[in-house]
Amino acid sequence: MTMIRFGLCCVFHDEPIKFRTTTAAALHGLARKQSFAKLSELCLHNVRTLGLAIDYCNRNGIGSFRVQSGLLPLRTHPRHGYNIEDLANADEIFSLFGGLRAFAHRRNIRTTFHPDQFVVLNSPRPEVVVSSLRELEHHAEMAELIGADVINIHAGGVYGDKESALKRLAEGVNSLSSRTRKHLTIENDDRSYSPVDLLPFCWQEQIPLVYDVHHHRCLPDGFSIEETTEMACSTWNREPVFHVSSPIHGWTGKNPRRHHDYIDMNDFPEKWIKLGITVEVEAKAKELAIRRVMNEIMSLGSATI
DNA sequence: AGCGGTCAAGTTGAT
DNA sequence: ATCAACTTGACCGCT
């Protein structure tokens, strides 16, 4: 019997549960009133949809759900940004948030965020850091509404000097409000920052490391998966979050960084099975991939007993 | 209804 | 120089 809580990422493959969005360009053609009405409609739709997503997880034994960053479309856009309170559907939106937060809490469903690639806390460009901080504060507001406990980002760029880049990352992290900083986690990536690059930072700054084993295999650092698992766990003051995926064309195919539809159990670290951790499944078949992993681990368990 | 170009934002590395 | 990739394709105007 595994202790793992599996996490579904953002969207569904087969289930008719669809989040909506819009573009700044599309809103440019509308009067302020119309664009505001449209945004309000999209927010309401998406919060309802989030309720459906969490309900699906509850009914299917999925213990964690990663929420799309675009839940409230263009919320921080310089021209089209808005406060939820100002939307026509504000009351219903807040009420739905309250309901789904209580539901997720009652059913022990963990929710997380993974802000997109434009959040770069260690950029040498001040305007990039400013908008990143703003974006993270926005995520923390959503996290409070939903009851999410993790906002996970990558370390950012290297800019030819990893040491000073990590120093800037620390400055960025410490510029966050405490209510935002307490949700923040850092994930190893597949090009620049391996776990061994990030662990000293994580220990020093008390920021948990989200260990992505696929990225670690793409960008190895001399430490084994078992060792890294243990060190990553030591950075957490609560249930750790890890990531797993399989390469689209196998490890010998081209561009193994890209994700497969499903998880090959050979890529699933055996050591993880007994741990009380959240494993977010990054696979294109989404809920189908999770169902398959859960089944395979269950049959694995009964076979070895 | 279906198709293709487009979409706020950063950084890296393959081609 | 261009572009795909990244946690995720969806939207919109055109035919």
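Just so it is clear: chains get the letters A, B, ... in the order the sequence lines come, proteins before strands, and each one is counted from 1.
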Closest to side chain of [X], choosing from [options]:
{"X": "A:Pro124", "options": "C:dT7, B:dT11, C:dC12", "result": "B:dT11"}
{"X": "A:Glu135", "options": "C:dA10, B:dA9, B:dT12", "result": "B:dA9"}
{"X": "A:Arg125", "options": "C:dT8, B:dG10, B:dT12", "result": "B:dG10"}
{"X": "A:Arg20", "options": "C:dC11, B:dC7, C:dG9", "result": "C:dC11"}
{"X": "A:Gln117", "options": "B:dT11, C:dC6, B:dA8", "result": "C:dC6"}
{"X": "A:Phe118", "options": "B:dA8, C:dC11, B:dA9", "result": "B:dA9"}
{"X": "A:Lys286", "options": "C:dT8, C:dC12, C:dA10", "result": "C:dT8"}

When the [atom1] atoms of [N] and [M] are considered, how many whole Å apart are they?
{"N": "C:dC6", "M": "B:dG4", "atom1": "C1'", "value": "23 Å"}
{"N": "B:dA8", "M": "C:dA1", "atom1": "P", "value": "27 Å"}
{"N": "B:dT6", "M": "C:dT8", "atom1": "P", "value": "24 Å"}
{"N": "C:dT7", "M": "B:dC3", "atom1": "C1'", "value": "27 Å"}

At under 4.0 Å, does any side-chain N or O of [X] touch on OP1 or OP2 of [N]?
{"X": "A:Arg257", "N": "C:dC6", "result": "no"}
{"X": "A:Ser69", "N": "C:dT8", "result": "no"}
{"X": "A:His259", "N": "C:dA5", "result": "no"}
{"X": "A:His215", "N": "C:dT7", "result": "yes"}
{"X": "A:Lys38", "N": "C:dC11", "result": "no"}

Looking at every strand, decide which applies to [X] at a 4.0 Å heavy-atom threshold: base, sugar-phosphate, or nothing.
{"X": "A:His243", "result": "nothing"}
{"X": "A:Phe113", "result": "nothing"}
{"X": "A:Val158", "result": "sugar-phosphate"}
{"X": "A:Ser132", "result": "nothing"}
{"X": "A:Glu282", "result": "sugar-phosphate"}
{"X": "A:Asp116", "result": "base"}
{"X": "A:Lys18", "result": "nothing"}

Length of the [atom1]-[atom2] vector between [X] and [N], whole Å:
{"X": "A:Leu42", "N": "C:dA10", "atom1": "CG", "atom2": "C1'", "value": "11 Å"}
{"X": "A:Glu187", "N": "B:dT11", "atom1": "CD", "atom2": "P", "value": "18 Å"}
{"X": "A:Arg66", "N": "C:dT8", "atom1": "CZ", "atom2": "P", "value": "8 Å"}
{"X": "A:His114", "N": "C:dT7", "atom1": "NE2", "atom2": "P", "value": "5 Å"}
{"X": "A:Phe65", "N": "C:dT8", "atom1": "CZ", "atom2": "P", "value": "13 Å"}
{"X": "A:His80", "N": "C:dC11", "atom1": "NE2", "atom2": "P", "value": "17 Å"}
{"X": "A:Leu166", "N": "B:dT11", "atom1": "CG", "atom2": "C1'", "value": "15 Å"}
{"X": "A:Asp190", "N": "C:dA4", "atom1": "CG", "atom2": "C1'", "value": "13 Å"}

Shared hydrophobic cluster for A:Val119 and A:Val128 (ILVMFWY, side-chain gaps under 4.5 Å):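 No; tracing contacts between hydrophobic side chains, which count when under 4.5 Å, never links both residues.
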Complementary nucleotide for C:dT15 - Watson-Crick or wobble, under 3.5 Å: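 Result: B:dA1.
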Base-pairing assignment for C:dA10 (Watson-Crick or G-U wobble, both under 3.5 Å): B:dT6
Residues A:Asn174, A:Arg181; criterion side chain to side chain donor-acceptor pair (under 3.5 Å); working and verdict: CA-CA 7 Å; A:Asn174 293 317; A:Arg181 194 193 195 281; 2.9 Å; yes
Heavy-atom side-chain contact between A:Thr185 and A:Leu209 under 4.5 Å: no
4.5 Å side-chain heavy-atom contact, A:Tyr159 and A:Ser192: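 Answer no - side chains too far apart.
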Nearest-nucleotide 5' precedence on DNA chain C, A:Arg258 against A:Thr22: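 Residue closer to the 5' terminus by nearest nucleotide: A:Arg258.
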Carboxylate-amine/guanidinium contact A:Glu15 A:Lys286, below 4.0 Å: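 Salt bridge between A:Glu15 and A:Lys286, a charged N being under 4.0 Å from a carboxylate O: no.
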A:His243 and A:His259: CA distance, side-chain angles, deciding distance, ring pair (Phe, Tyr, Trp, His ring centres under 6.0 Å) verdict: CA-CA 12 Å; A:His243 290 176; A:His259 295 165; 9.2 Å; no
Name of the residue among A:Asn108, A:Val279, A:Val241 meeting side chain to side chain contact (heavy atoms under 4.5 Å, CB included) with A:Arg5: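 The passing option is A:Asn108.
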Face-on cation placement of A:Lys162 at A:Tyr193 ring, 6.0 Å and 45° thresholds: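 Yes, a cation-pi geometry.
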